Amino acid sequence: MTESVYKLQGTNSKTAFQYKYLLKKIFPYLKPYLFRIFLGFLVAVPLGLMDGVTAFALKPYLDYVVGDKVLEFAISGHDFVITGIQMAVILPVGVILFAGIQGLLRYLNTYISTWTSQRITNDIKSELFHNLISMHTQFYDINPSGIIISRYMQDPVSASTGIIDQIKTITTSIFGALGLIAVMLYSSWQLALIGIIVLCVAFVPVALIRKRIKSASNKNMVIGGNMTTSINETYSGNKVISAYELQNRQEKYFNEQIKNSFNVNMSLVKRSAWMSPLMYLIASFGIAAVLGFGTYLIKNEIMTAGSFASFVTSLLLLYKPVKTLGTTLTNIQNIFVALSRVFELFELKPLIQNSENAVTLNSFNNGISFENVNFEYEKNCPVIKNFNLYVNKGETIAIVGNSGGGKSTIVNLIPRFYDIKSGSIKIDGTDIREMTLSSLRKNISMVFQDNFLFTGTIKENIMMGNPDATENDFNDVIKLAHLEELIADLPDGSNTLLGERGMTLSGGQRQRIAIARAMIRNAPIVILDEATSALDNESEAIVQRAMDNLMKDRTVFIIAHRLSTIKNADRIAVINDGELVETGTHEELMAHHNGQYRLLYDMQFGGTESYV
């Protein structure tokens, strides 16, 4: 699967009109709730049929109440007579009674459909989120946050909530139309034939705009994602925006997206808004034909005035379900576009997965080897080139080099955040691609430059490193990470709630919590990626002590811009433009007067080091 498939912004909803395919895909999510869906369907049937009650009541009202006639009929050999005055009481009471029943059914129908659609939406969201958290790192690299939020949160709502609501609406509308058509047929089959022909013609415009709906829906998805991304960036980058006075830039971009959304919607309206007027026009021809032919039938005493009034009322009422059906079918097109986008997401599988017959990494005994490793983020743009390095168990190795040279990329390859293009990375002689991801990553603790803290307590954030750790383990890492003083000063101690991303803490405090999280994992391999580069000297000194405790008796990879922090490493590997150019201790590398490491060191410290 190519990288372009994972770019959500490039979606085109290829399956939007493959209704059989989409219904087959959505059915497993509908299946657990089929009884409730069927129950909602049963409620919708009488709810729709009752629309014809008022129209039907006009015939006896005009014929017997206004016409002052007597209704005579027999049931099971018993004769019954209803006078016009009695009919004048019975019909209004009957209409009120039916309205009450219809209201109750409408409530039940709304409750059942809302409950069902919410459950289906939750199931789809839950499974989509399961897929999302399993996606490979590069998926997040190439997709803006707004597009991901839009695709994974909004599309499931549009698809699953909409489909149940529209099933409810279309069922009610169809049976409402059938009830009214039955009244029309009862009143006059000749006039009903005209009405049905008009009804069929009125549906023709709906089929003509489905591709325009697909195009507009896709464009709006991208625009909505861009707007969400803009809001996310404004939130996360608020200090940069204020410092560089970027408010106008952000506002301009956001307003451009609003304008684009307006243009897309108006383009769709311009091409589809003629549907309703056209349906009115078609309906008017039908009404005109009914009035002309109905007059003829009354004059020739083929139908009564009451029957004609009942028919005309039914025909006028029929426009509502017909119009609703037209709108519903348009909405269903949107739903199928959303469904198509949802199942496009389900088709995406993480590129980084367990291989067949993957083995479990139970222990780390010897060392880690990089053998002719080549890697690229984009095709034909190599980042790591023929990288070879062996790191012994218990060794601390620092990786330094020019900015953008591939230092962080190398350590990100060890836990398989990315997979290499060629070569191999082995732990104790076994390629990491032949190990289960879970066992590989359980043997690695990582501390990053900007460690992410989750919303929750300090203790919860630390225990994420090892949920099975004991209270004694937790207390030990608090001491080793030099967090005792911080926790003592907080009102709720380690149970103090952190704000989003832990922004209520200083950089050094966040780093020490991240170090504690790495410590409690108790993994034999430790990766420190620029862990102190964003700290001031005082904070760095405290964090460095905590890191020293983390590094004891472990195999450690250190990435650092500040060369002073890695002088005591067992070995230093120098990377230049993705290639390993030097390895050795600090003293050995400083002895190479024209070496890359010495050049980097002199650039930082102005050649003040005295060499032996």
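Every value quoted in this text rests on a predicted model; they were computed, and no experiment measured them. We're numbering straight along the sequence, starting at 1.
When only modelled atom types and interatomic distance are considered, T116 and S113 share no side-chain donor-acceptor pair under 3.5 Å. Remark: the D529 side chain and the S408 side chain contain an N/O donor-acceptor pair separated by less than 3.5 Å. Between the side chains of N472 and T470, not a single donor N or O lies within less than 3.5 Å of an accepting N or O. For the residue pair N402 / D577, a side-chain donor-acceptor distance below 3.5 Å is found, with atom types taken as modelled. Checked by atom type, the side-chain pair H136/Y6 shows no donor-acceptor distance below 3.5 Å. Between T457 and N495, the side chains place no donor N or O within less than 3.5 Å of an acceptor N or O (distance only, hydrogens not considered).
Note that the CD1 atom of I432 and the CD1 atom of I368 stand 9.0 Å from one another [nearest 0.5 Å]. If you take CG on L351 and CE on M135, they are separated by 7.0 Å, rounding to the nearest 0.5 Å. The distance from the OG atom of S117 to the OH atom of Y33 is 11.0 Å, given to the nearest 0.5 Å. Note: L483 CG to N475 CG = 11.5 Å, rounded to the nearest 0.5 Å. Here the straight-line distance linking atom CD of Q509 with atom CG of L490 works out to 7.5 Å at 0.5 Å rounding. Atom CG in L528 sits 4.5 Å away from atom CE in M547 (nearest 0.5 Å).
Using modelled atom types, one side-chain atom of T555 and one backbone atom of G394 make a donor-acceptor pair closer than 3.5 Å. Proximity of a side-chain donor or acceptor of T496 to a complementary backbone N or O of G493 within less than 3.5 Å is detected. Put simply, the side chain of T360 never gets that close to the backbone of S439: no donor and acceptor are under 3.5 Å apart. Judged by distance alone, with hydrogens and angles left aside, the side-chain atoms of R151 form a donor-acceptor pair with the main-chain N or O of R341 at under 3.5 Å. Formation of a donor-acceptor pair under 3.5 Å by the N354 side chain with backbone atoms of L437 is found in this model. Using a distance-only test at 3.5 Å, with no hydrogens or angles considered, a donor-acceptor pair links the side chain of N461 to the main chain of F454. Remark: side-chain polar atoms of N388 are paired, donor with acceptor, to backbone N or O of N372 under 3.5 angstrom. In this structure, N255 contributes its side chain and E251 its backbone to a donor-acceptor pair below 3.5 Å.
Within a 6.0 Å sphere centred on OH of Y107, other residues, nucleotides and ligands contribute 12 heavy atoms or fewer. Within 6.0 Å of the CZ atom in F129, the count of heavy atoms belonging to other residues, nucleotides or ligands does not exceed 12. Within 6.0 Å of atom CE in M153, 12 or fewer heavy atoms from other residues, nucleotides or ligands are found, so the atom counts as exposed in its surroundings.
The minimum heavy-atom distance between V373 and I384, with the atom names listed, is O-CG2, 3.7 Å. Among all heavy-atom pairs drawn from G401 and L600, the shortest one is CA-CD1, 3.8 Å.
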Review item, side-chain donor-acceptor pairs of residues 513-527, under 3.5 Å, at least two apart:
residue	atom	partner	partner atom	Å
R517	NH1	F452	O	3.2
R517	NH2	F452	O	3.0
R521	NE	R441	O	3.4
R521	NE	I444	O	3.2
R521	NH1	G465	O	3.0
R521	NH2	R441	O	3.2
N522	OD1	R554	NH2	2.6

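Using a 4.5 Å cut-off on side-chain heavy atoms (C-beta onward), F557 and T396 make no contact. The side-chain heavy atoms of L128 and P156, taken from C-beta on, include a pair separated by under 4.5 Å. Two residues are said to be in side-chain contact when any heavy atoms from C-beta on lie closer than 4.5 Å; I487 and I478 meet this criterion. Counting only heavy atoms from C-beta outward, the side chains of H482 and N549 approach each other to under 4.5 Å. Using a 4.5 Å heavy-atom threshold, the side chains of N374 and I420 count as separate. By the 4.5 Å heavy-atom criterion applied to side chains, I575 and I399 are counted as neighbours. The side-chain heavy atoms of L550 and V556, taken from C-beta on, include no pair separated by under 4.5 Å. In this structure the side chain of Y390 reaches within 4.5 angstrom of the side chain of N366, judged on heavy atoms.
A cation-pi contact links K459 to F474, judged by a cut-off of 6.0 Å to the six-membered ring centre and 45° from its axis.
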Test side-chain contact (heavy atoms from CB on, under 4.5 Å) on F387 and L389 and set out the steps.
CA-CA 7 Å; F387 186 81; L389 182 68; 3.7 Å; yes
Could you go step by step and tell me if S424 and E371 meet the side-chain contact (heavy atoms from CB on, under 4.5 Å) rule?
CA-CA 5 Å; S424 62; E371 300 176 7; 3.4 Å; yes
Just do the side chain to side chain donor-acceptor pair (under 3.5 Å) check on Y601 and H586 with the steps written out, would you?
CA-CA 10 Å; Y601 200 90; H586 172 71; 4.5 Å; no
Apply the test salt bridge (Lys or Arg N to Asp or Glu O under 4.0 Å) to residues K25 and E347: give CA-CA distance (whole Å), side-chain angles for both, the deciding distance (0.1 Å), then the verdict.
CA-CA 11 Å; K25 297 291 282 186; E347 294 297 320; 3.4 Å; yes
Could you walk me through whether T430 and D428 pass the side chain to side chain donor-acceptor pair (under 3.5 Å) test, one step at a time?
CA-CA 6 Å; T430 303; D428 291 345; over 6 Å; no
One pair to check against side-chain contact (heavy atoms from CB on, under 4.5 Å): M446 and F417. What are the steps and the verdict?
CA-CA 12 Å; M446 299 191 72; F417 292 160; 3.6 Å; yes
Assess the residue pair Y418 and I352 against the criterion (side-chain contact (heavy atoms from CB on, under 4.5 Å)); give the C-alpha distance rounded to whole Å, side-chain angles, the decisive distance to 0.1 Å, and a yes or no.
CA-CA 7 Å; Y418 305 91; I352 311 294; 5.5 Å; no
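For E376 and K385, the salt-bridge test fails: no basic side-chain N is under 4.0 Å from an acidic carboxylate O. In summary, R571 and E395 engage in a salt bridge, as defined by a charged side-chain N under 4.0 Å from a carboxylate O.
For residues 122-147, there are no salt bridge (charged side-chain N to carboxylate O under 4.0 Å, His left out) pairs, not counting sequence neighbours.
Aromatic ring orientation, F375 versus Y377: perpendicular (interplanar angle above 60°, classes split at 30° and 60°). Taking the six-membered ring where the residue is Trp, F343 and Y29 present tilted rings, their angle falling between 30° and 60°.
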